[in-house]
Amino acid sequence: MTKHREVTLAEMERQYNRALGRFFSFRTKREAWRDLLIRNYPPVLPPELIGVADYLDYETPDLERASNQIVGIQTMNPTDFDVAVLEEGENAKKAGEDIALWTASMWANVLNRARTWDKRTSEAAARYGVAISRLLWRKQEDTGEEEGEEAGKYLARREKDQMRKRSRDFFLEDVQPLSCCWLERDGEPDIFFHKFEIEAIDAYDRYGRPGDKTKGEEKDKTYRPLVDRLGAMKWLGEDVPVDWGKGVSASDTVKALIREARDPESEDCSICHNHKPWKITEYIYTDHGGLAGAEKVREYDSPFPGPTYIITPAYDSGDRDPHERYRPPLLPLYVEAQWFNYLTTVIAALARKESSDESVTIDFSKAPSNFAWFNEGPEKWVIQKPEAGSKQIIGLPGELRAWPNIQREHLMFMLERSTERMVSYMPSRFLVGAATEEAKEATGTAFLQQVQGAAVEFKVPLANMDSSIKRIFEYIYHAIRYWDKMGEDVGAG
């Protein structure tokens, strides 16, 4: 096992707060964009229209449509694998073919079953500018030699068991990008944090720690977390029965924080000798105690040469600010959709206001000059409507007219321009099968060139996805070599 420098809780908290501050703009902007996409971001109207626009706020569904189209475009073609064999000879060639077949099978049947990774990575990168997935492994366990078993039979049984389990050794989990933050060194993650919430009953099953004598606990006993009625976290020996609901909450949430970091003071990796080993530490806490009261529940070495979190950007500008660095393909639509929603809602509110009798005026230009009421002065130029059901009919000295609205034409003009921009920001019609008119008019060669040109903007996101797939398998091969060299149980994912 690799020896790492011990990180105190106070040091971890400082690192986490630094990383949070680094990702503040990234997170707050994308939270607003997410609300805009799921139509939970009503436009802010001028005060005079707030009451008039009740239940009229328009929020375009085009953002979600564009997101789905991007996912469809980026998952049109499957991933092909190939292996370049650097050695000569039939054995080397055969080994290369085996590796290529195993890699392709592992990807299609396990890691990317039903194209799940492709779809979710494309969606998250389109919406947030970056997608994050976590590569995990299952605990490596030996079947164990039975008493009196011959060595040959044991080895054969162990090999059969390993063959049966080997396709399930690694798996991928989706991670919400807004729950992550990290610090970098030389352009790569150096300390990675992932915060999430789980229900208290799940935390009890998932986490445990050895007893702490300084807290009056038994050292050889495992203690599990509970949340009391005040929201404070308590620890109970796992041999003590829990009466959920009586002083102990099952539905309250526990916050979990995972920290992954490389230790610059440790020795280089024993496998490739070009990086520092990574250590994974897991903490849990509640709002009652805060991060300062977090408890470390797990700590183990990673078999990978980097964090278990695979970062896949749509575009990577190289800017140091994560908000500027990871720009989502939907950004132009995010910007325009706010303006489009505002204009549509304002026009609808004005139409409702104009359809009411609040904007009706009386034209006195044709009223008799000796009309007594007219001559009483402007302060009397208001007529009360009869109450509903009063059976009264109002008589007016002039013609009824709508109050002139000079804004309508300007608003309609701006909405037309905004609509044109929204259409131009949507994924190209040549890639979603909607360019039927162009297909009729253009030659086959010209139409093909249009399709190829429209696909240019997706080359970078697809190349970044390929790089992540390559990294996933580099990590897997590294882990296999790591376990082979360690020759022992080296933790669990």
Side-chain angles (χ1 to χ4, degrees), residues 1-8 11-12 14-16 18-19 22-23 83-84 86 99 103 106-107 111 121 130-140 169-173 175 177 180-194 257-283 296 298-313 316 318 320 322 325-326 463-493:
M1 303 293 284
T2 304
K3 292 184 179 180
H4 295 271
R5 181 178 64 84
E6 190 67 25
V7 176
T8 65
E11 185 178 0
M12 182 276 291
R14 288 194 298 271
Q15 293 171 347
Y16 180 58
R18 278 179 55 207
R22 183 170 179 264
F23 276 78
V83 174
L86 302 181
I99 292 173
T103 302
M106 184 71 174
W107 182 247
L111 300 175
T121 299
V130 64
I132 300 177
S133 51
R134 194 179 187 202
L135 178 63
L136 294 171
W137 67 95
R138 291 180 174 86
K139 192 172 184 178
Q140 303 297 299
D169 287 341
F170 300 94
F171 60 99
L172 287 166
E173 282 187 354
V175 177
C180 299
C181 56
W182 59 90
L183 300 173
E184 293 187 351
R185 176 175 293 181
D186 300 328
E188 292 290 335
D190 186 53
I191 304 176
F192 196 102
F193 291 99
H194 175 208
L257 181 66
I258 298 176
R259 175 187 183 271
E260 298 190 4
R262 53 186 173 185
D263 185 0
E265 297 179 12
S266 64
E267 296 180 358
D268 287 345
C269 171
S270 60
I271 303 299
C272 49
H273 307 286
N274 62 3
H275 69 87
K276 301 294 183 180
W278 282 71
K279 181 174 68 172
I280 303 172
T281 311
E282 300 184 24
Y283 305 85
K296 181 166 64 176
R298 285 182 187 170
E299 189 168 68
Y300 47 95
D301 293 339
S302 172
F304 302 142
T308 60
Y309 296 87
I310 307 298
I311 302 169
T312 308
D316 191 343
R320 298 189 66 178
R325 179 175 180 176
Y326 304 115
N464 288 335
M465 290 175 66
D466 288 343
S467 296
S468 289
I469 296 171
K470 182 171 179 273
R471 173 168 290 193
I472 287 170
F473 281 101
E474 286 175 347
Y475 281 17
I476 288 175
Y477 299 146
H478 186 282
I480 293 172
R481 294 168 61 201
Y482 173 80
W483 291 327
D484 182 63
K485 184 169 183 177
M486 295 295 292
E488 61 181 33
D489 187 351
V490 287

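Scanning all heavy atoms of the two residues, the minimum distance from Pro177 to Ala131 falls at CG-CA, 4.4 Å. In terms of heavy atoms, Leu135 sits closest to Ile472 at CD2-O, 3.7 Å. Closest of all the heavy-atom pairs between Glu282 and Tyr300 is OE2-OH, 2.9 Å. Here the closest non-hydrogen pair linking Met465 and Thr121 is CG-CG2, 4.3 Å. Across His478 and Pro303, no two heavy atoms sit closer than the pair ND1-O, 2.7 Å. Ile311 and Ser468 get closest at one heavy-atom pair: O-OG, 3.6 Å.
Between the NZ atom in Lys296 and the OG1 atom in Thr8 there is a gap of 9.5 Å [rounded to 0.5 Å]. Going from atom CD1 of Ile469 over to atom CH2 of Trp107 covers 4.0 Å, rounded to the nearest 0.5 Å. From Thr281, atom OG1 reaches atom CZ of Phe193 across 9.5 Å, with rounding to the nearest 0.5 Å. Note that the CZ atom of Arg138 and the CG atom of Leu136 stand 9.0 Å from one another [nearest 0.5 Å]. Atoms CZ and SG, from Phe23 and Cys180 in turn, are 8.5 Å apart once rounded to the nearest 0.5 Å. Between atom CZ of residue Phe304 and atom CD1 of residue Ile310 there is a gap of 7.5 Å, rounded to the nearest 0.5 Å.
Side chain of Gln15 to backbone of Ile191: no donor-acceptor contact under 3.5 angstrom is found.
Salt-bridge check for Arg262 with Glu188: failed, with every basic side-chain N at 4.0 Å or more from each acidic carboxylate O.
Side-chain atoms of Ser302 and Tyr475 include no donor-acceptor pair closer than 3.5 Å. Using modelled atom types, one finds a donor on one side chain and an acceptor on the other under 3.5 Å when comparing Glu260 with Thr308.
Among Asp301, Asp263, Asp268, the one residue that satisfies the salt bridge (charged side-chain N to carboxylate O under 4.0 Å, His left out) test with Lys276 is Asp268.
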Quiz item: Does the pair Ile258 and Arg134 meet the rule for a side-chain contact (heavy atoms from CB on, under 4.5 Å), with working shown?
Solution: CA-CA 12 Å; Ile258 298 176; Arg134 194 179 187 202; 3.4 Å; yes

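Remark: aromatic rings of Tyr482 and Trp278 are distant, center separation not under 6.0 Å.
Surrounding CZ of Arg22 are more than 12 heavy atoms belonging to other residues, nucleotides or ligands, all under 6.0 Å away.
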